[in-house]
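We use all heavy atoms of the structure for the numbers below, so side chains are in, but hydrogens, waters and symmetry mates are not.
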Amino acid sequence: MSSIKFKIAYFLATWLYSGKAPKAPGTFGSLAALPFGYLILKYFGINGLLVAIPLIYFIGVWAANIVMKVKNIQDPGYIVIDEVVGQWIVLLVTPMNYYSFLIAFALFRLFDITKPYPACWADKKLHSATGVMLDDVFAGIYGLLVMELLKRFVF
């Protein structure tokens, strides 16, 4: 495998190296996703995010697969492009304000850490780049559902 291909995959898989944080790389990856999500929503709306989510998902599968093969490690913590996808899923229904983005961040991290079914299934049973990405998709969907409930009944 070419060095440049690995470097590009590593840069993307670590979401611009945010996954290299010495502690809580998933949290830093989620935080690093927020400004990009905000800008996509601001300039392209929900449709822009609906395009960006699957695009980054498939880029994430590609990048994670390369990094995992080269490093010979299953689901290393520094791969955080999966957090980007999951965080952006929650942003699909999140109001465009600071407090709502903080709540969206907290919701995604809660479900990413606790991994309710089927996120735990994807995390434990799919030993592949798809599994790395998919558990965060499920966590993002849970966060999206709770954010929608909060919008309807609390905000």
Hey, does [Y] have a side-chain heavy atom less than 4.5 Å from the side chain of [X]?
X	Y	answer
Phe105	Leu91	no
Asp136	Ile89	no
Leu110	Thr114	yes

Restricting to non-hydrogen atoms, name the atom on [X] and the atom on [Y] that form the minimum distance, rounded to 0.1 Å.
X	Y	value
Ser30	Phe108	OG-CE2, 3.3 Å
Gly48	Ile40	C-CG2, 3.5 Å
Asp135	Val132	OD1-O, 2.7 Å
Ala64	Ala129	CB-CB, 3.9 Å

For Lys151, which residues count as a salt bridge (Lys or Arg N to Asp or Glu O under 4.0 Å) partner, sequence neighbours excluded?
->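 Lys151 satisfies salt bridge (Lys or Arg N to Asp or Glu O under 4.0 Å) with Glu148 once adjacent residues are dropped.
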Within this structure, what is the [atom1]-[atom2] distance for the pair [X] and [Y], rounded to the nearest 0.5 Å?
X	Y	atom1	atom2	answer
Phe111	Phe138	CZ	CZ	14.5 Å
Asp82	Leu134	CG	CG	10.5 Å
Arg152	Met147	CZ	CE	13.5 Å
Met133	Ile56	CE	CD1	8.0 Å
Ile66	Ile8	CD1	CD1	9.0 Å
Gln87	Leu144	CD	CG	11.5 Å

Side-chain donor-acceptor distances from residues 20-29 under 3.5 Å, at least two apart:
| residue | atom | partner | partner atom | Å |
| --- | --- | --- | --- | --- |
| Lys20 | NZ | Tyr10 | OH | 3.1 |
| Thr27 | OG1 | Arg109 | NE | 3.3 |

Distance-only check: which donor-acceptor pairs under 3.5 Å involve side-chain atoms of residues 92-103, not counting sequence neighbours?
| residue | atom | partner | partner atom | Å |
| --- | --- | --- | --- | --- |
| Thr94 | OG1 | Val90 | O | 2.8 |
| Asn97 | OD1 | Tyr99 | N | 3.2 |
| Asn97 | OD1 | Ser100 | N | 2.7 |
| Asn97 | OD1 | Ser100 | OG | 3.0 |
| Asn97 | ND2 | Ser100 | OG | 3.2 |

Assess whether atom CZ of Phe44 is packed by more than 12 heavy atoms of other residues, nucleotides or ligands within 6.0 Å.
->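 Result for CZ/Phe44: open.
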Tell me if a side-chain donor or acceptor on [X] pairs with a main-chain N or O of [Y] at a distance below 3.5 Å.
X	Y	answer
Trp88	Leu49	no
Tyr57	Ala52	no
Lys71	Met68	no

Would you please indicate yes or no on a ring centroid separation below 6.0 angstrom for Phe36 and Trp15?
-> yes
Are Ile113 and Tyr142 joined in one hydrophobic group, where the rule is that I, L, V, M, F, W and Y side chains link up if heavy atoms are under 4.5 Å apart?
-> no
Do Leu39 and Val51 share a hydrophobic cluster, counting only Ile, Leu, Val, Met, Phe, Trp and Tyr and linking them when any side-chain heavy atoms are less than 4.5 Å apart?
->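 In one cluster: no.
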How far apart are the C-alpha atoms of Val137 and Ile141, what are their side-chain angles, what is the distance that settles it, and do they pass the side-chain contact (heavy atoms from CB on, under 4.5 Å) test?
-> CA-CA 6 Å; Val137 169; Ile141 292 169; 4.0 Å; yes
Would Val80 and Val84 satisfy side-chain contact (heavy atoms from CB on, under 4.5 Å), going step by step from the backbone distance to the final call?
-> CA-CA 7 Å; Val80 296; Val84 175; 5.6 Å; no
Can you check side-chain contact (heavy atoms from CB on, under 4.5 Å) on Thr14 and Tyr17, steps first, answer last?
-> CA-CA 5 Å; Thr14 61; Tyr17 302 123; 3.5 Å; yes
